[in-house]
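Take a look at the structure below.
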Protein chains: 2
Amino acid sequence: MPAQNRPSSSGRSLEHPDRAEIRLEGVLHALSDPMRLQIVCDLAAVEGELNCSVFDLPVSKSTTTHHFRVLRESGVVRQIYRGTAKLNALRRDDLEALFPGLLGAVLTAAGHQASRLGVPS
Amino acid sequence: MPAQNRPSSSGRSLEHPDRAEIRLEGVLHALSDPMRLQIVCDLAAVEGELNCSVFDLPVSKSTTTHHFRVLRESGVVRQIYRGTAKLNALRRDDLEALFPGLLGAVLTAAGHQASRLGVPS
DNA sequence: CAGTTCGTACGATAGCCCTCGTAGTACGAG
DNA sequence: CTCGTACTACGAGGGCTATCGTACGAACTG
């Protein structure tokens, strides 16, 4: 639907690292937190952009904001405002260009580990 | 070569996590430190076991010991004593079985980043 | 405008982690 | 046995980080 031009990209803007600024250690550190790893997995599962609030994390709102900031500043996700919500998307292209296969390997590993540690569903 | 039976595995033993105990977050955290990432890269480059002291790290000996312990306790490396020295080897098999492709992707990424950030040699 | 929803900013706390120096243990050589 | 080498253990300091609560701002709905 082309009618969906961004009604409000709003004045608010967020700082993202340039592709060349992304550091491997930063990405690994960002992914080494269980909370953030889960966020990335969820994000990868839907192949699209997700509102911050759809994640059912067992932490407060402030903490959630903090984790999203870490992911954004390390170059793992891209965030844009859309009205009152903030959309999140994996930076697949950039990560694949810089560290080929890394994101896929991590996601696969997380999946394997989840089933290995017993996820009934 | 069968002639190389271990002359002194010595009484000292070190605790290693079982393969099933290795956690992805732990591995990622271990690799997210520049010092440890370099150790792993060096270790991968020689395809064999390396004495702790061959690494020329810009930190004190105590700190080096600390990093090797983190790598061992997270399941990334295996360490054995041999006389006064301690040999280190990557746990390639275990990591590949648990997280296929992960180690390779990280090593490749580290290599790419090193050349991207300008390593003359 | 008033109200609601969504996310941020700030301050505070507690815990972890990297670093170090010093002292100590294990092993091999002389 | 004595010495040197290789690594560890312990304690401490300084910084980062995960967490929270509360107060605030920005945008849509009426």
Side-chain angles (χ1 to χ4, degrees), chain A residues 4-16 23 25-40 43 49-74 76-89, chain B residues 6-16 23 25-40 43 49-74 76-89:
Chain A
Q4 204 224 355
N5 54 5
R6 30 222 63 72
S8 56
S9 295
S10 303
R12 290 186 285 179
S13 64
L14 293 162
E15 292 206 352
H16 290 80
R23 302 279 275 111
E25 302 91 320
V27 172
L28 293 176
H29 174 246
L31 297 177
S32 71
D33 182 280
M35 215 71 69
R36 292 193 289 259
L37 185 57
Q38 184 182 333
I39 291 175
V40 170
L43 226 38
E49 301 178 320
L50 280 186
N51 188 316
C52 274
S53 52
V54 307
F55 299 93
D56 195 22
L57 301 176
V59 292
S60 74
K61 247 186 331 178
S62 321
T63 306
T64 302
T65 296
H66 162 71
H67 285 310
F68 273 106
R69 186 205 314 249
V70 173
L71 286 172
R72 172 170 47 86
E73 293 183 341
S74 66
V76 177
V77 306
R78 192 176 294 281
Q79 304 183 291
I80 56 166
Y81 283 108
R82 164 116 172 281
T84 72
K86 192 167 68 171
L87 298 184
N88 301 273
Chain B
R6 28 221 62 71
S8 57
S9 295
S10 303
R12 289 186 284 180
S13 64
L14 293 162
E15 291 205 354
H16 290 80
R23 303 279 274 111
E25 302 90 320
V27 172
L28 293 177
H29 174 245
L31 297 177
S32 71
D33 183 279
M35 214 72 67
R36 293 193 290 260
L37 185 56
Q38 183 182 332
I39 291 176
V40 170
L43 225 38
E49 301 177 321
L50 281 185
N51 188 315
C52 273
S53 52
V54 308
F55 297 93
D56 195 23
L57 301 175
V59 291
S60 74
K61 245 183 333 177
S62 320
T63 305
T64 302
T65 296
H66 161 72
H67 285 310
F68 274 106
R69 186 205 316 245
V70 173
L71 287 171
R72 187 188 72 233
E73 292 182 343
S74 66
V76 177
V77 306
R78 193 174 293 282
Q79 304 184 292
I80 57 166
Y81 283 107
R82 163 114 172 280
T84 72
K86 193 168 67 171
L87 298 184
N88 301 272

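Reminder, nothing fancy here: chain letters follow the sequence lines and each chain counts from 1.
- Contact check, B:R69 against D:dA9: a side-chain N or O comes under 4.0 Å of OP1 or OP2.
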B/S/- contact track for nucleotides 19-24 of chain C, protein heavy atom under 4.0 Å: BBBB--

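- In this structure B:S60 satisfies the side chain to side chain donor-acceptor pair (under 3.5 Å) test together with B:T63, sequence neighbours excluded.
- With contacts defined as side-chain heavy-atom distances shorter than 4.5 Å, the pair B:V59/B:T64 qualifies.
- Taking side-chain N and O atoms only, A:N51 has a distance below 4.0 Å to OP1 or OP2 of C:dG7.
- Residues forming a side-chain contact (heavy atoms from CB on, under 4.5 Å) with B:R78 (at least two apart in sequence, or on another chain): B:H16, B:R91, B:D94.
- Looking at the side chain of A:A85, the nearest of the listed nucleotides C:dC18, C:dG7, C:dT5 is C:dG7.
- Note that the CD1 atom of B:I39 and the CG atom of B:N88 stand 8.0 Å from one another [nearest 0.5 Å].
- One interatomic measurement links the two molecules: CG of B:L28 to P of C:dC17, which rounds to 14 Å at whole-angstrom precision.
- Between the P atom of D:dA6 and the CD1 atom of B:I80 lies a distance of 17 Å, rounded to the nearest Å.
- To the nearest angstrom, P of D:dA18 lies 13 Å from CG of A:L37.
- In terms of phosphate contacts, B:R82 brings no side-chain nitrogen or oxygen within less than 4.0 Å of OP1 or OP2 of D:dA6.
- For B:R36 (side chain) and B:F68 (main-chain N/O), no donor-acceptor pair under 3.5 Å exists by modelled atom type.
- For the pair B:L14 CG and C:dA26 C1', the interatomic distance rounds to 12 Å; values are reported in whole Å.
- Residue A:Y81 places at least one side-chain N or O under 4.0 Å from the OP1 or OP2 atom of C:dT8.
- Taking atom CG of residue B:L87 and atom C1' of nucleotide D:dC7, one finds them 13 Å apart after rounding to whole Å.
- Spacing between atom CG of B:L50 and atom C1' of D:dC7 amounts to 16 Å, rounded to whole angstrom units.
- C:dC16 atom C1' lies 10 Å from atom NE2 of A:H29, rounded to whole Å.
- Spacing between atom CG of A:L57 and atom P of C:dC6 amounts to 15 Å, rounded to whole angstrom units.
- Rounding to the nearest 0.5 Å places CG of B:L31 at 13.5 Å from CD of B:Q38.
- Side-chain contact check for B:Q79 versus B:V77: some heavy-atom pair is nearer than 4.5 Å.
- Look at A:T65 and you'll find a side-chain N or O under 4.0 angstrom from OP1 or OP2 of C:dT8.
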